[in-house]
Amino acid sequence: SKRNSGGIHPSGILSCLRAQQYGWLGAQKDFYLTPKMARTFSIGNYLHRMIQVDLKRSGLLLSYEYPVFHNKYKLLGHADGLLRWKDKYVSLLEIKTINPERFKQLYTPSVEYVYQANTYLLALEFMRRLAKKTAVIDPLYGLLKILAEVTNKIDQVNFFYINKGTSEIKEFVVKKDPKVFEEIKSNAITVVNANSEEKLLPRVAKSPSVAPCYNCSYRNTCWDKFSYKNVDWDKAHKFDPGKVALAGWLSREEKERNGY
């Protein structure tokens, strides 16, 4: 099981907010990766990388696996990429893999992914504005430099859905949704305030055997194991998403220099 590096992750912004707390507080996940699941994830990762490489060769990919954060809302994650078009317009890239049967029935991105992408847009626009006023000598500028040169508001997502069986691709262009932004902010502030007050948010179900608890990575933690005695509240309160994002960026840069 892996631990979250802290903060609120865009992929779970629409799900149980109590689970977001567990991730931020470093609770142990119950998730067990079977060999079959590991192979499935590996295929997805490979297809992600393949698309990123192709876009890089085409000159469209400005950056890949780009760390995103928002200080006020304690958001932290990695965007699949940033695309720069011929007119210098920059948009967010989101790559999703899907099985052939679901691919046939796909006509629009899922609501969950739309919320996830809008969370990235919220964080990227915060970072773009921050880049304009960050000194070049500030270590954080190394991460923000790309955004300092972006002239447009980053308000568009280009979804690439890849059919894992045939390699076909469907693209969807989605614009920023102000109503979704407000819901994201509200959810994030709810988690931030609960952690500030050292309170655990209510469960969203009455039993661990029903959705969404049944498939939650923190199911056992939530219903059986978790104790606030194990929480380093001081560390949780001092969590700085910008510092964590920068550390991830520097680690990736070092790997690239070493040929990984």
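Atoms considered below: every heavy atom in the structure, side chains included; atoms not considered: hydrogens, waters and symmetry mates.
- Counting heavy atoms from C-beta on, the side chains of Q52 and E65 come closer than 4.5 Å.
- Once rounded to the nearest 0.5 Å, the distance linking CG of L92 with CG of N158 reads 8.0 Å.
- Here the shortest heavy-atom pairing between L122 and Y73 reads CD2-CD1, 4.2 Å.
- The CG atom of L60 sits 12.5 Å away from atom CG of L82, with the distance rounded to the nearest 0.5 Å.
- In this structure, NZ on K243 lies 14.5 Å from CG on L143, to the nearest 0.5 angstrom.
- Between R102 and Q105 there is no side-chain heavy-atom pair separated by less than 4.5 Å.
- The main-chain N or O of H78 is found under 3.5 Å from a side-chain atom of Y120 such that the two form a donor-acceptor pair.
- A search for salt bridge (charged side-chain N to carboxylate O under 4.0 Å, His left out) contacts involving D234 returns K238, not counting sequence neighbours.
- For the pair N187 (side chain) and L17 (backbone), a donor-acceptor distance under 3.5 Å is absent.
- Side-chain rings of F103 and Y161 stay apart, their centers remaining 6.0 Å or farther from each other.
- Within the 3.5 Å criterion, the main-chain N or O of I95 finds a donor-acceptor partner in the side chain of D80.
- Annotation: cation-pi geometry satisfied between K96 and Y113 (NZ/CZ under 6.0 angstrom from ring centroid, within 45° of ring axis).
- To the nearest 0.5 Å, atom CG of residue L75 and atom CE of residue M127 are 11.0 Å apart.
- Within the 4.5 Å cutoff, side-chain heavy atoms of K145 are placed close to those of E149.
- Between W249 and G142 the shortest heavy-atom distance is NE1-O, 3.4 Å.
- The backbone N or O of Y141 lies less than 3.5 Å from no partner atom in the side chain of T134, so there is not a single donor-acceptor pair.
- Within the 4.5 Å cutoff, the side chain of W24 has no heavy atoms near those of the L76 side chain.
- Minimum heavy-atom separation, A205 to V210: CB-CG2, 3.7 Å.
- Under the 4.5 Å side-chain criterion, counting only non-hydrogen atoms from C-beta, I51 is in contact with I169.
- Annotation: cation-pi pair K170/Y107 present, NZ/CZ under 6.0 Å from the ring centroid and within 45° of its normal.
- Using a 4.5 Å cut-off on side-chain heavy atoms (C-beta onward), D177 and V114 make no contact.
- The neighbour count for R203 CZ, taken as heavy atoms of other residues, nucleotides or ligands under 6.0 Å away, is above 12.
- Side-chain contact check for L140 versus L130: some heavy-atom pair is nearer than 4.5 Å.
- The main-chain N or O of E182 is never found under 3.5 Å from a side-chain atom of S186 such that the two would form a donor-acceptor pair.
- Summarising the local packing, NZ of K86 is surrounded by 12 or fewer heavy atoms from other residues, nucleotides or ligands at distances under 6.0 Å.
- Hydrophobic clustering of Ile, Leu, Val, Met, Phe, Trp and Tyr side chains at less than 4.5 Å, counting indirect connections, keeps V173 apart from L55.
- Within the 3.5 Å criterion, the main-chain N or O of I13 finds no donor-acceptor partner in the side chain of Q116.
- We find the CG-CD distance between L14 and Q20 to be 10.5 Å, quoted to the nearest 0.5 Å.
- Atom OH of Y89 has more than 12 neighbouring heavy atoms from other residues, nucleotides or ligands inside a 6.0 Å radius.
- Under the 3.5 Å distance criterion, with hydrogens and angles disregarded, a donor-acceptor pair is assigned to the side chains of N195 and Q21.
- Ring orientation note: the planes of F69 and F126 are nearly perpendicular, at an angle over 60° on the 30°/60° scale.
- The backbone N or O of P100 lies less than 3.5 Å from no partner atom in the side chain of K164, so there is not a single donor-acceptor pair.
- To the nearest 0.5 Å, the span separating CD1 on I154 from CG on L147 amounts to 5.0 Å.
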